[in-house]
Amino acid sequence: MLYLKLFLTFLKIGIFTFGGGYAMISLIENEVVEKQHWLTPEQFTDILAVSQTTPGPIGINTATYVGYTATLDAGYGGFGAVLGAFLASFAVILLPFLLMLVVVRFLSAHRDNPMVTVVFKALRVTVLGLIAAAALSLLTEESFGVPGWNKRFVVSCAIFAMVFILSVLPKKKYFFNSPITLLLAAGLLGLLVYV
Amino acid sequence: MVKYCSLFYCFLKIGGFTLGGGYAMVPLMEREFVTRRGWLTTDEFLDAISLAQSMPGVFAVNMATQVGYRLRGVSGSIVAVVGNILLPVLFILALAMFFRTFRDNHYVNAIFLGLRPAVVALIAAPVFTLARRMHLTWRTVWIPILAAALIWLLGVSPILVILIAAVAGFAWGKFHSPSDLSDKSDKSDKSDPQ
């Protein structure tokens with residue numbers, strides 16, 4: 001039964017996803033392309049590209065796409081395929097969601113415990129380093145272009161500086177320094193400069 | 001009490017603008033939860049990030065689960081999670097239905113060449129705004145720098161770094177009196193200038 005197989009596979013992918021999307025790519029590829037043959041390697045590359053260019057975490061993007069494609073290719077029809085997409089997306093978040101609920105319930109019951117307070121105090125400072133590392137790891141040629149006096153790199157640096165300064169400097173929050181406004185502006189700028 | 005619909009709308013917005021995954025939505029979440037709506041304090045927000053990062057599952061969904069639970073219990077967390085993934089799921093579904101191959105679109109590529117550096121800047125910015133609000137001192141500033149260096153330069157897993165920090169924090173609390181620790185940051189603020 002394809003639905004059951006989809007459900008179990010994405011249940012497994014969901015619980016083994018640690019540390020965000022990119023860590024799980026090889027796991028998804030192994031399950032979806034090599035074991036189950038639900039996608040061809042080309043389709044998998046497509047979905048990676050799409051995940052970077054559409055909203056949503058890569059784990060959920062893949063689940064939705066595979067759920068639709070696999071059931072459609074197996075001849076379940078349009079409605080059955082939409083059902084497959086929802087089922088796979090549901091499966092991929094189910095176990096982490098339940099686990100998270102248990103942990104959050106436990107922690108809110110023990111919030112005043114001094115040891116919990118101390119541990120989180122240490123974690124808060126560390127998380128800043130985690131975010132910094134995420135930003136540093138994105139300082140690549142893929143994000144900015146090849147360093148040098150060329151259009152792509154200069155425009156990228158200008159966009160980076162604009163977004164960074166507008167996000168960091170004003171203490172007040174206006175509509176023009178909202179992340180949404182800044183993303184829309186950067187996308188529009190890309191459209192104007194590169195097309 | 002926070003209404004379900006404002007919870008749902010808030011996460012719908014965050015989900016719709018999650019580009020480049022995970023940390024790229026930290027500034028938007030911070031703006032929504034901490035600054036605009038006052039659902040969390042800065043400390044609570046950072047706690048939620050460290051927990052979301054160290055548990056299995058998708059970062060954004062883990063954040064939604066925690067914030068939803070804190071505001072409206074289990075039903076709140078379901079509302080937040082559904083709101084968070086609804087737009088991404090519908091978007092991919094539409095793509096899968098209408099464009100079975102959708103690579104190499106010239107316009108989409110151009111937009112994303114502009115978006116990528118913006119996403120990097122959006123991830124970098126909260127490091128500074130959060131550090132400013134946490135009152136980091138010379139006694140604590142080495143911790144995030146060390147964490148970033150371990151992950152970025154040495155390729156240590158972020159989960160391992162969080163575990164080490166948790167154990168170190170636990171050990172620190174074990175060998176000092178908890179009351180001494182509960183206002184550690186305030187004390188170092190006052191004692192540094194002397």
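Protein chains get the first letters and strands the later ones, always in sequence-line order, with residue 1 at the start of each. The structure displayed is predicted, hence computed values, not measured ones.
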Return all side-chain donor-acceptor pairs below 3.5 angstrom for residues 79-95 of chain A, not counting sequence neighbours, or 'none' if the list is empty.
{"from": "S89(A)", "atom 1": "OG", "to": "T64(A)", "atom 2": "OG1", "distance (Å)": "3.0"}
{"from": "S89(A)", "atom 1": "OG", "to": "A85(A)", "atom 2": "O", "distance (Å)": "2.7"}

Item checked: Side chain proximity check, V146(A) to F153(A), heavy atoms < 4.5 angstrom -> no
Note to self: I need the residue from L123(A), V104(A), I180(A) with the largest number of non-hydrogen atom pairs under 4.5 Å to chain B.
What the structure shows: I180(A)
Note to self: Can you tell me which portion of Y69(B) sits under 4.5 Å from chain A's heavy atoms? Options are side chain, backbone, both or neither.
What the structure shows: side chain
Margin query: For R105(A), which atoms come within 4.5 Å of any heavy atom of chain B: side chain, backbone, both, or neither?
Written below: both
Notebook entry, point to check: Hey, does E141(A) have a side-chain heavy atom less than 4.5 Å from the side chain of P147(A)?
Noted result: yes
Check: Under a 4.5 Å heavy-atom cut-off, does chain B meet the side chain of F120(A), its backbone, both or neither?
Finding: both
Next item on the list: Could you walk me through whether L51(B) and M100(A) pass side chain to side chain contact (heavy atoms under 4.5 Å, CB included), step by step?
Entry: CA-CA 9 Å; L51(B) 202 55; M100(A) 194 77 214; 3.6 Å; yes
Check: At their closest point, which heavy atom of F45(B) faces which heavy atom of M63(B), and how far apart are they?
Finding: CE1-CE, 3.9 Å
Check: Can you tell if the side chain of T140(B) reaches within under 4.5 Å of the side chain of T137(B), non-hydrogen atoms only?
Finding: yes
Margin query: Would W149(A) and V154(A) count as a side chain to side chain contact (heavy atoms under 4.5 Å, CB included) here? Give the steps.
Written below: CA-CA 7 Å; W149(A) 195 245; V154(A) 171; 4.0 Å; yes
Check: What are the residues of residues 80-90 of chain B, in order of number, with any heavy atom under 4.5 angstrom from a heavy atom of chain A?
Finding: V81(B), I85(B), P88(B), V89(B), L90(B)
Checklist line | Contact summary for S6(B) and R37(B), nearest pair of heavy atoms | finding: O-NH1, 4.0 Å
Next item on the list: Between chain B and each of P179(A), S156(A), C157(A), count heavy-atom pairs under 4.5 Å; write down the option with the most.
Entry: P179(A)
Next item on the list: Scan N61(A), T71(A), L39(A), I13(A) and name whichever one has a side-chain contact (heavy atoms from CB on, under 4.5 Å) with V66(A).
Entry: L39(A)
Check: Are L98(A) and F7(A) connected, step by step, through hydrophobic side chains (Ile, Leu, Val, Met, Phe, Trp, Tyr) whose heavy atoms are closer than 4.5 Å?
Finding: yes
Margin query: Please identify, among L139(A), I159(A), L128(A), the residue contributing the most non-hydrogen atom pairs under 4.5 Å to chain B.
Written below: L128(A)
Notebook entry, point to check: Hey, what do you get for CZ (R72(B)) to OG (S77(B)), rounding to the nearest 0.5 Å?
Noted result: 12.0 Å
Note to self: For chain A, which candidate among L28(B), L115(B), D47(B) shows the most heavy-atom pairs at distances under 4.5 Å?
What the structure shows: D47(B)
Item checked: Among the listed options V155(A), L107(A), L101(A), the residue most often paired with chain B at heavy-atom distances under 4.5 Å -> L101(A)
Next item on the list: Would you check if W142(B) and V125(A) make a side-chain contact, meaning some heavy-atom pair closer than 4.5 Å?
Entry: no
Margin query: If I measure from the heavy atoms of chain B, does S108(A) come under 4.5 Å with its side chain, its backbone, both, or neither?
Written below: side chain
Check: Side chain, backbone, both or neither: which part of V61(B) has a heavy atom under 4.5 Å from chain A?
Finding: side chain
Check: When heavy-atom pairs shorter than 4.5 Å are enumerated against chain A, which of A64(B), A147(B), A148(B), A124(B) gives the highest number?
Finding: A148(B)
Note to self: Shorter than 4.5 Å, heavy atoms on both sides: which option in D43(B), I49(B), N62(B) has the most such pairs with chain A?
What the structure shows: D43(B)
Item checked: Closest-packed option against chain A by number of heavy-atom pairs under 4.5 Å, given G73(B), G15(B), A125(B) -> A125(B)
Check: Got P117(B) and V120(B) here, is their nearest side-chain heavy-atom distance under 4.5 Å?
Finding: no
Item checked: Under 4.5 Å from any heavy atom of chain A - which part of L150(B) -> neither
Next item on the list: Could you please state which residues from residues 183-195 of chain A sit under 4.5 angstrom from chain B, measuring non-hydrogen atom to non-hydrogen atom, sorted by number, or 'none'?
Entry: L183(A), L184(A), A186(A), G187(A), G190(A), L191(A), Y194(A), V195(A)
Next item on the list: Under 4.5 Å heavy-atom distance to chain A, tell me which part of F128(B) shows up: side chain, backbone, both or neither.
Entry: side chain
Margin query: I'd like to verify something: which residue of I151(B), V161(B), L122(B) has the highest number of heavy-atom pairs under 4.5 Å with chain A?
Written below: L122(B)
Notebook entry, point to check: Among all residues two or more places apart in sequence or in another chain, which pass the ring-ring contact (aromatic ring centres under 6.0 Å, His included) test with F33(B)?
Noted result: F11(B)
Next item on the list: Among the options L182(A), V116(A), L99(A), pick out the one with the most heavy-atom pairs lying under 4.5 Å from chain B.
Entry: L99(A)
Margin query: Could you check whether any side-chain heavy atom of D73(A) comes within less than 4.5 Å of a side-chain heavy atom of W38(A), counting everything from C-beta outward?
Written below: no
Notebook entry, point to check: With only heavy atoms counted, which part of L93(B) is less than 4.5 Å from chain A, the side chain, the backbone, both or neither?
Noted result: both
Notebook entry, point to check: Going by the angle between their ring planes, with limits at 30° and 60°, are Y76(A) and Y3(A) parallel, tilted or perpendicular?
Noted result: perpendicular
